[in-house]
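Following: one structure in structure tokens, then a few remarks.
Nothing fancy with the numbering, it's 1 onward along the sequence. Read the numbers this way: they start at 1 and go in the same order the structure lists the ligands and their atoms. Note that the structure is predicted; figures quoted are calculated from it, not measured.
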Amino acid sequence: MNESRPVLMRGGTVLPMDDARSVLTNTDVLVLGDKIAEVGQNLSAPEGALVVDATDGIVMPGMIDTHRHMWQTAMRAYGADWTLTQYFVWYYLDHGKLFRPEDIHAGNLLSAIEAIDAGVTTVVDWSHGLRTTDHADAAVDALESVPGRFVLAYGNIQQPPAEWSASPEFRDFVNRRITGSDMLGFQMAFDVLGDPAFPEKGAFEVARELGVAVTTHAGVWGATNDDGIRQMYENGFMTPETVYVHASTLSADSYQRIAATGGSVSVATESEQSAGQGYPTTWTIRAHGIPVSLSMDTSVWWSGDLFSAMRTTLGADRSRAHLEAHAKNETVTHHALRAEHVVAWATRGGADALGRSDLGVLAPGKKADVVLIKNEHSPVSFPLLNPYGHVAFQAQRGDVHTVLVNGRVVKHEHRLVDVDLAAARAGVERTVEYLRSSMGEEAWQQGMNPEIPEATVLDNPYQYSDYRSEATHTS
Ligand SMILES: [Zn+2]
């Protein structure tokens, strides 16, 4: 893996994401092979190095998304006006079964490309459309064809987790495809529905036997609740590796169990705000000391970039803090949650959730997953006064200038390197055409355009027409 050319990022504002949250101005980052060799000033460029002018830019670790249903990217924006209920009906009951292995491939491929383009160098593919291991092979084929870092979180919404995880095909898939490469991690992805018989127990036992983490949608209004957390706790399945997605509608008791067992929460604020899992939970779990990572959930609704995640998470947390204070007739005079916190959640937070101390930080010896945010053509690129604030509230995916994954340049000067976007487009077009014709035009349109409930307009005692006639008289 060490054949990549040395890279020297020259003269940027570096956010190494160390414990001190340093801001290093006019600083260089030297990458040799797959690792960061040095962070410092006036470093010399080795023979044959690619020197990237990072002046007026921000150099930070690659961002990490801990929960994204990548297969759904083939349906980008289709569900923009869905609620969670409509999503469940569409994917779980009506049309999720239509997806063939090539459709999983198409979604994953586009999603993987989209991620590295946005500087998201690691994505957990929360892949719950794997009806067969042919689907799973297709998912991995796509991930392996894109030079990003991925974690396949294996799931199947069409079969109980204890069943699919016990199948010989699943075991064979794990043996064949999960080889311990640090470019492709592995988790098991399933939800605990709170059935008193705890039917998910067998799947947890498989995960324990394989030594892999479980990621689970927890605290989702109307779907998962405290019962699932209690069952996991009482059976010893809550571990530091467990990632609880959303965790929005849980009691203090459940948060205490998560905190005590060392797990982390993947907060998908854009999703929670719009779909209805519950209020984005950072404002609660901060008080419990639970580690946070960020995620975008699915591009069937939202974007696949973590700038949006940082921005909305900061906004939702502060919005709630104000609201809670106003209810007590108080005023928030100082923000507890800072821009630097959400930048840390988007980088180190994800690395910690995945048990990857070699990611999420720019320091010698760490993996060279590096992002340069710089856009000379953008009026938003200056002045660069508060780099954390700039990343959280000003930057966007178009400002991602250069991206390195494992020391390899995958995007440079705003262009993806060695990525066949035309092939990704062709694959997605085939999937859309297939789904549309299988569903029929009427169902396709209905799926995309859910009915709007009737609005109730309240009686208003203040008559605008009176004001108007009054105003006419005086003029
Ligand atoms: Zn999800």
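Checking Thr282 against Asp317 by side-chain atom types alone, a donor-acceptor pair falls below 3.5 Å.
Protein N/O/S atoms found under 2.8 Å from the Zn ion (ligand 1): His67 NE2, His69 NE2, His217 NE2, Asp297 OD1.
In this structure, Arg311 fails the cation-pi test against Phe393, since its NZ or CZ atom is not both closer than 6.0 Å to the six-membered ring centre and inside 45 degrees of the ring normal.
Not one N or O on the side chain of Asp297 forms a donor-acceptor pair closer than 3.5 Å with the backbone of Ser271.
Tyr87 and His69 have tilted rings, their planes meeting at an angle from 30° to 60° on a 0 to 90° scale.
Listed by first and then second residue, the side-chain hydrogen bond (donor to acceptor under 3.5 Å, both in side chains) pairs that reach into residues 197-208 come to none, sequence neighbours excluded.
Thr224 and Gly219 get closest at one heavy-atom pair: OG1-N, 3.1 Å.
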